[in-house]
2 protein chains.
Amino acid sequence: MGAKGVSKGAGHPALCDVELVTVLSALAEPTRLRIVAMLSEPGGERAWKDIDLPIAQSTLSHHLKILRNAGLVRNRTEGTRCFVSLREEEMEGRFPGLLETVLHCRDR
Amino acid sequence: MGAKGVSKGAGHPALCDVELVTVLSALAEPTRLRIVAMLSEPGGERAWKDIDLPIAQSTLSHHLKILRNAGLVRNRTEGTRCFVSLREEEMEGRFPGLLETVLHCRDR
DNA sequence: TTCGATGATCGACGATCATCGAACAGTGAC
DNA sequence: GTCACTGTTCGATGATCGTCGATCATCGAA
């Protein structure tokens, strides 16, 4: 166990260890940007299975891992299910305004 | 010639044709992010030769092309010399706050 | 016209990436 | 225990990327 009681293979990095370029790389991919935008909608948390995109399950898992490593999203396991959410406040502390600006630019 | 009297092999895209993901991809590389930060410093315009980084000349040309295609920088040819500058106001019109936020996040 | 300088373009290379199906590991239900 | 379900991990494959040296096109100067 890393820092908290986290989910399976994950491991969430401390935001201070995350580089800006890592975050930008994570966001610079259409599918991942779409996931982040989806998670930013009201409701906050999203069940894994509710993220339905035209990609294989293993591909989605791969993208979520990249978003996790970039400190953008958080995994929470509840029983056999998994929930994903944005690390909005923490990202705001590390990279002020970044997430909000990117999301705002996305749907202008 | 594309739209304006532009420089050599370049061709600057209209900002409305540039996708957000393209901009993020362009910024998601250490060398290019460094170039953009360099161009954002007081003085605005930079002579090609004054951009000295530990990379080959052809590599720099390649990175500047990517930044150009992303609408981030502009090339101006004067005789045999070339000057590079940020398209700050135009980027602000297309992606409000993005450039400023990213640059601010870079050197916190 | 010939020369030197400048910056773009051209392969080529190794590395990284997005994608997939298959196999694996953890959980709750039976 | 066994089964079904869920999400991760493992290769593998084809595409893209960053990098380089070499070549090319353009310009001012001699």
Side-chain angles (χ1 to χ4, degrees), chain A residues 1-2 5-13 19 21-36 38-39 45-70 72-85, chain B residues 1-2 5-13 19 21-36 38-39 45-70 72-85:
Chain A
M1 347 104 200
V6 189
S7 52
K8 248 184 284 191
H12 300 74
E19 304 256 12
V21 167
T22 305
V23 177
L24 292 176
S25 295
L27 294 173
E29 206 277 334
T31 301
R32 289 195 293 263
L33 189 53
R34 192 170 162 187
I35 293 173
V36 170
M38 187 183 299
L39 292 175
E45 205 174 47
R46 206 95 173 185
W48 215 97
K49 273 293 174 185
D50 288 353
I51 308 176
D52 64 326
L53 296 169
I55 55 177
Q57 188 203 34
S58 55
T59 305
L60 175 57
S61 185
H62 164 71
H63 283 311
L64 286 176
K65 183 178 185 178
I66 289 180
L67 289 173
R68 241 174 5 238
N69 289 339
L72 279 161
V73 310
R74 172 173 32 223
N75 261 16
R76 184 174 66 84
T77 298
E78 189 172 303
T80 176
R81 302 255 173 73
C82 187
F83 296 86
V84 191
S85 59
Chain B
M1 342 115 188
V6 189
S7 52
K8 250 185 283 190
H12 300 75
E19 305 257 12
V21 167
T22 306
V23 177
L24 293 176
S25 295
L27 294 173
E29 206 277 333
T31 301
R32 290 196 292 262
L33 188 53
R34 191 169 162 188
I35 293 173
V36 170
M38 187 183 300
L39 292 174
E45 204 175 47
R46 206 96 172 185
W48 216 97
K49 274 292 172 184
D50 289 353
I51 308 176
D52 64 324
L53 296 168
I55 55 176
Q57 178 254 347
S58 56
T59 305
L60 176 56
S61 185
H62 166 70
H63 282 312
L64 287 176
K65 183 178 185 178
I66 289 181
L67 290 173
R68 232 166 24 227
N69 290 339
L72 279 162
V73 309
R74 172 173 31 223
N75 261 16
R76 185 174 66 85
T77 298
E78 189 172 304
T80 176
R81 302 255 173 74
C82 188
F83 296 86
V84 190
S85 59

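Since we're looking at a predicted model, the values are computed, not measured. The figures that follow rest on heavy atoms only: side chains count, while hydrogens, waters and symmetry mates do not. In what follows, chains are A, B, ... by sequence order, proteins preceding strands, each numbered from 1.
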- Task: Ignoring the backbone of Lys65(B), work out which of dT6(D), dT8(D), dT9(C) is nearest its side chain.
- Result: dT9(C)

- Side chains of Ile55(B) and His63(B) in contact at under 4.5 Å (non-hydrogen atoms): yes

- Task: Quick one: closest heavy-atom pair of Met38(B) and Leu53(B), and the distance?
- Result: CE-CD2, 4.1 Å

- Looking at every strand, decide which applies to Leu60(B) at a 4.0 Å heavy-atom threshold: base, sugar-phosphate, or nothing. nothing

- Task: Tell me which nucleotide among dC20(C), dC20(D), dG7(D) gets nearest to the side chain of Cys82(A).
- Result: dG7(D)

- Base, sugar-phosphate, or nothing: which does His63(B) touch, judged by heavy atoms less than 4.0 Å apart? sugar-phosphate

- His62(A) has an atom NE2; how far is it from atom C1' of dA15(D), in whole Å? 13 Å

- Rounded distance (Å) that lies between atom P of dA4(D) and atom CZ of Arg81(A): 17 Å

- Note on the structure: Between Ala26(B) and Arg32(B), the two heavy atoms sitting closest are O-NE, 2.8 Å

- Whole Å only: how far is the CD1 atom of Ile35(B) from the P atom of dT19(D)? 10 Å

- For the side chain of Thr80(B), counting heavy atoms from C-beta on, which of dC27(D), dT19(D), dA8(C) is nearest? dC27(D)

- Where DNA chain D forms runs of at least three Watson-Crick or G-U pairs (i with j, i+1 with j-1, under 3.5 Å), the stems are C:1-30 with D:1-30

- Task: Find the distance Leu67(B):CG to dA8(C):P and express it as a whole number of Å.
- Result: 12 Å

- Message: Rounded to whole Å, how long is the line connecting atom CZ of Phe83(B) with atom C1' of dG7(C)?
- Response: 13 Å

- Query: Can you tell me how far P of dG7(D) sits from CG of Asp52(A), to the nearest Å?
  - Reply: 13 Å

- Message: If you define the side chain from C-beta out and look only at heavy atoms, does anything of Leu64(A) sit under 4.5 Å from Ile35(A)?
- Response: yes

- Query: Can a side chain N or O of Arg32(B) be found less than 4.0 Å away from OP1 or OP2 on dC17(D)?
  - Reply: no

- Reckon Thr59(A) has a side-chain N or O less than 4.0 Å from the OP1 or OP2 of dC20(C)? yes

- Task: Check Leu39(B) against Val84(B) and note the closest heavy-atom contact, atom names and distance.
- Result: CD2-O, 3.7 Å

- Expected output: side-chain Arg81(B) to main-chain Trp48(B) donor-acceptor under 3.5 Å: no

- Starting at CD of Glu78(A) and ending at C1' of dC5(D), how long is that distance when rounded to a whole Å? 16 Å

- Message: Taking any heavy-atom pair under 4.0 Å as a contact, classify Ile55(B): base, sugar-phosphate, or nothing.
- Response: sugar-phosphate

- Less than 3.5 Å between a donor and an acceptor, one on the side chain of Ser58(B) and one on the base of dG21(D), is that the case here? yes

- Task: Measure from the side-chain N and O atoms of Ser61(A) to the backbone N and O of Gln57(A), and report whether any donor-acceptor pair falls under 3.5 Å.
- Result: no

- If you look at every strand shown and take non-hydrogen atoms under 4.0 Å, does Ile66(B) touch a base, only sugar-phosphate, or nothing? sugar-phosphate

- Report which part of the nucleic acid Gln57(A) touches: base, sugar-phosphate, or nothing (heavy-atom distance under 4.0 Å, all strands). base

- Query: If you pin Trp48(B) and Ala28(A) to their nearest nucleotides in DNA chain C, which one's is more 5'?
  - Reply: Trp48(B)

- Item | Separation of dT6(C) C1' from Ile51(B) CD1 (nearest whole Å) | 13 Å

- Item | Exercise: identify the closest heavy-atom pair between Asn69(A) and Thr22(A) | O-CG2, 4.5 Å

